[in-house]
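From a predicted model like this one, the values you see are computed outputs, not experimental measurements. These values consider heavy atoms only, across backbone and side chains, with no hydrogens, waters or symmetry-generated copies.
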Amino acid sequence: MDFSLTDDQRAIEDAARAFAAEELAPHSARWDEEKHFPVETLRKAAELGFAGLYVAEDVGGSGLSRLDASIVFEQLSYGDVATAAFISIHNMAAWMVDRFGSDDLRRRYLPRLCTMELIASYCLTEPGSGSDAAALQTAARKDGDSYVLNGSKAFISGAGASDVYVVMARTGGPGPKGISAFVVEKDAPGLSFGAQEKKMGWNAQPTAQVNFDDCRVPEANRIGQEGEGFRFAMAGLDGGRINIASCSLGGAGLALDAAKAHLETRKQFGSALKDFQGLQWRLADMATELEAARLMVRRAADSLDKRDPAATRYCAMAKRFATDAGFEVANQALQLHGGYGYLCDYPLERIVRDLRVHQILEGTNEIMRVITARELFRQ
């Protein structure tokens, strides 16, 4: 068992860290305040291979492992959580096309997805089906060499700004086996978007409802066969859970470093805060929780790379633990700053707001417990 990174992984880590420091961190506060979606910066990230991290190289992807991707997302989130998280979503959508799409579909979309000439969104959740994703109602009716989609998707990151949407829709009966997956282009007739949601965090990426009103999609844009879409969506979420957990590591890492610097410089009662044992212990606990979370995330990523039968359980466990731990570390870092932590002049309140949603998306942490328990009882 080797916990060290390879030379190649160190180089990947260094590249992501440098990009985050130069292109994300200096703008993070402004993007959040102005609710700016930094498309040009996303495309700069794509130039480094970050838009197709585990997409095959024959269509422009980087062909990296899930562990490599986890390292990238942790570093990017140290610069800006919301932007890194969107890059994760784009990668999840691109991977689904690469892994399950026809060769024609792969070659039509992936070269442009990997450069982020095309930006992708993932569309599973609906107004009436969140955690119970298999109950989705968006329908796709076959009509000649096309499908006609009707329904709505909710809480879609990139909605209105993205160019393509990987959409799960019902082509058959109730339950997961009646669901298929499609690539829908932004200019497809009958596709529209709701008003932008006003959110607690993740303000550097747009979020809105996606609506289908007799939206016609070519049959050639179906991913895989009819009835396979839910399986594809769940496979995408295994990796997405590792990515969002990694984003929690990065944001919490920045919060921890900020807290350490504050304790070193701030004085009370004639002494630096770092000299108070109670505060030392709190910082030590924060660092320990973060390191434990990182080990769980990397173990889960490695299990997915090796196609371990227990990978789904490891991904759920890591997502639950890392997103809970990441939020708590950031919240504790805010507390250690006292009143300053509550000010927008400092990054802590933004990190806390951005990390909070990680406990909800890619499957709530309550659902992560359901998955873990289900897998335990199957043993």
Quiz item: Is the Lys NZ or Arg CZ of R299 less than 6.0 Å from the centre of Y314's six-membered ring, within 45° of the axis?
Solution: yes
Quiz item: More than 12 foreign heavy atoms under 6.0 Å from NZ of K199: is that the case here?
Solution: yes
Quiz item: Side chains of V81 and W202: does their closest heavy-atom pair fall under 4.5 Å?
Solution: yes
Practice problem: Flag the pair V97 / R108 as yes when at least one side-chain heavy-atom distance between them is below 4.5 Å, and no otherwise. | Solution: no
Self-check item: From CD (Q205) to CG (D354), nearest 0.5 Å
Solution: 8.5 Å
Practice problem: Indicate yes or no for a side-chain donor-acceptor contact from D324 to the backbone of Q359 under 3.5 Å, with no hydrogens or angles considered. | Solution: no
Quiz item: Is Q280 reaching over with its side chain to a backbone N or O of K274, donor-acceptor style, under 3.5 angstrom?
Solution: yes
Exercise. Answer yes or no: is there a side-chain heavy-atom contact under 4.5 Å between L136 and M168?
Key: yes
Quiz item: Side chains of S65 and D68: is there a donor and an acceptor less than 3.5 Å apart?
Solution: yes
Self-check item: Within-4.5 Å side-chain heavy-atom neighbours: W95 and F100
Solution: yes
Quiz item: Got a sec, which pairs hit salt bridge (Lys or Arg N to Asp or Glu O under 4.0 Å) with one end in residues 51-62, sequence neighbours left out?
Solution: D58-R106, D58-R107
Quiz item: Does a side-chain heavy-atom distance below 4.5 Å link R241 with L237?
Solution: yes
Quiz prompt | Hydrophobic cluster (4.5 angstrom, side-chain heavy atoms) - remaining members for L279 | solution = I242, L249, L256, L263, F269, L273, F276, L283, M286, L290, V297, L304, V329, L336
Quiz prompt | Aromatic centroids of Y165 and F212 separated by under 6.0 Å | solution = no
